[in-house]
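Working notes, beginning with the structure itself.
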Amino acid sequence: MTQVRVRFAPSPTGFLHVGGVRTALFDFLFARKHKGEFLLRIEDTDQTRYVEGAVDQIKQALERYGLVPDNFDAIIFQSQRLARYQEIAGKLMSEGHAYECFCSPERLDKLRKLQTENKQPPKYDRHCLNLSDEEKEKLRAKSKPVIRMKIPAGETVLEDLIYGKISTRNEFLDDQVLLKSDGYPTYHSANVVDDHDTGITHVIRGEEWVPSTPKHLLLYQMLGWTAPQFAHLPLITKPDHKKLSKRDQASDALLYLDFFEVEAIINYIALLGWNPKTEQEIFSFDELVDQFDLAKVNRANAIFDIKKFNWLNKQWIQRKKLTDTTFYGRLKKIVQMKWGIEDEKILQSIAPLVLSRVEDFWALDQLIENEFSFFFAVPEYEKELLRWKKMSDDEIIKSLTSSLEITRNLKPDTSTDEIQKIFFDHIGKNDKGSVLWPLRAALSGLRASPSPFEILNVFLRLPNGAGTITVRISAAIDKLS
Ligand code: GLU
């Protein structure tokens, strides 16, 4: 059996996004599973859409995601293989499978408009197909032609590994331009030539390429080459079936790494289309290599569910050493930037609390700002915040004074549960809110925050934390006095 060889073939017309990472991941897993090779090819023949820095971003992203191709020091760049594409276009022409076309962009534009008006599919009308040698000679003196493939009559059948059999009547296919007038190939011809020349056995790519594949299959036929097998991956959409957009932060795969654990991203992306058909949701990289199977990729749109992604990220953080996580690094950066605090002890006390409350890792900044800044800066609030139901000022003062007494006896190693028990014993059958609400408000200055037990537990472990507790509760009493 021939060795499996796959390639990831991004165009440097933008940064690598989630969809790109998914293609690379599926390529990588498929190659590893079959002990094959995984190559990277940069499809950079469209010079007008080239984005500066895109190749570096793609390489860096692959590296950081652990999807390093086997030819990383000798990546194939299509822009360096122009002579080969020209040679193949010439061969197709000499064998009657392709022809020169001199039509001006204006003419093609008019044609397209007319066809659209008549509700016909836009298609070249073969105006230049039967030009005589003389005519061609004359035209060549004026302008450089493009080379188009001559789609034969008949039907083309794609046996897709995911979508199954897709038949296309060739009359619906356009005489695709293979070589542009500047001598650069189009995606279609360069793609086929390279897949053949590098011995690619399986083409794994997004389903947006399904309509182009019959043209590719015809090119393989015309050239007498064996076509690789094709596996088209389902579209990634939002829960409302709309395409992921820039606003969904999907436009830069590197950005994800600043907010999420790499294991969680890989785990989540693997599930975008692939259905393990078991209850298992958390997969390590090795488990993915072991269990991944193209036959279990769905045809239905793969829904990018940000809630599930965040959930999975939390699961992965809990499996790691907290201080080694991207989450912790980010927390550290935010706290340092906002309050100039670098004390690891403070960070480590707060991190589990933040983690238990985070729902959206993109919005960690806001969460910390809104619900945790009181740990680092004295909160400002109105006296009314301290009031539970219809308590009078005096009742609140009494409640806070007894809470203050209790906190004085807490030790740095008193656990959250123990603190809770101490307070519950003190409250007995009375209304819990009458003690806990004013206390929590005095400590945090917030309407919504972690529980007073969690807050006390953190403060107690911090340098001068016991002092802070006393100061905050006393300040609240002062507000009411
Ligand atoms: N350059 C194409 C892309 O970026 C590659 C498609 C393919 O894998 O054939 O989507």
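One is the number of the first residue; the rest follow in order along the sequence. Counting convention: from 1, in listed order, for ligands and their atoms alike.
In summary, the atoms of ligand 1 found under 4.0 Å from a heavy atom of E43, numbered by their order in the structure, are 1 (N), 2 (C), 5 (C). Against a heavy-atom cut-off of under 4.0 Å, R205 is close to the following atoms of ligand 1: 7 (C), 8 (O), 9 (O).
In this structure, R7 is part of the shell of residues with a heavy atom less than 4.0 angstrom from ligand 1. Contact analysis leaves F8 out of contact with ligand 1, as no non-hydrogen atom separation drops below 4.0 angstrom.
For the pair R140 and F102, the cation does not sit on the ring face, since its NZ or CZ is not both under 6.0 Å from the ring centre and inside 45° of the axis. Both tests do not hold together for R32 against F30: distance to the six-membered ring centre under 6.0 Å, angle to the ring axis within 45°.
Ring planes of F28 and F285: perpendicular class, angle over 60° (limits at 30 and 60°).
Atoms CZ and CG, on F72 and L67 in that order, are 10.0 Å from each other to the nearest 0.5 Å.
Proximity of a side-chain donor or acceptor of D175 to a complementary backbone N or O of R148 within less than 3.5 Å is not detected. Between the R22 side chain and the L272 main chain, a donor and an acceptor come within less than 3.5 Å of each other.
Counting heavy atoms under 4.0 Å from ligand 1, residue N191 touches it through the side chain alone.
Residue, atom and distance of the protein heavy atom nearest to atom 10 (O) of ligand 1 are W209 NE1, 3.1 Å. Of the protein's heavy atoms, A9 O, 3.1 Å lies nearest to atom 5 (C) of ligand 1.
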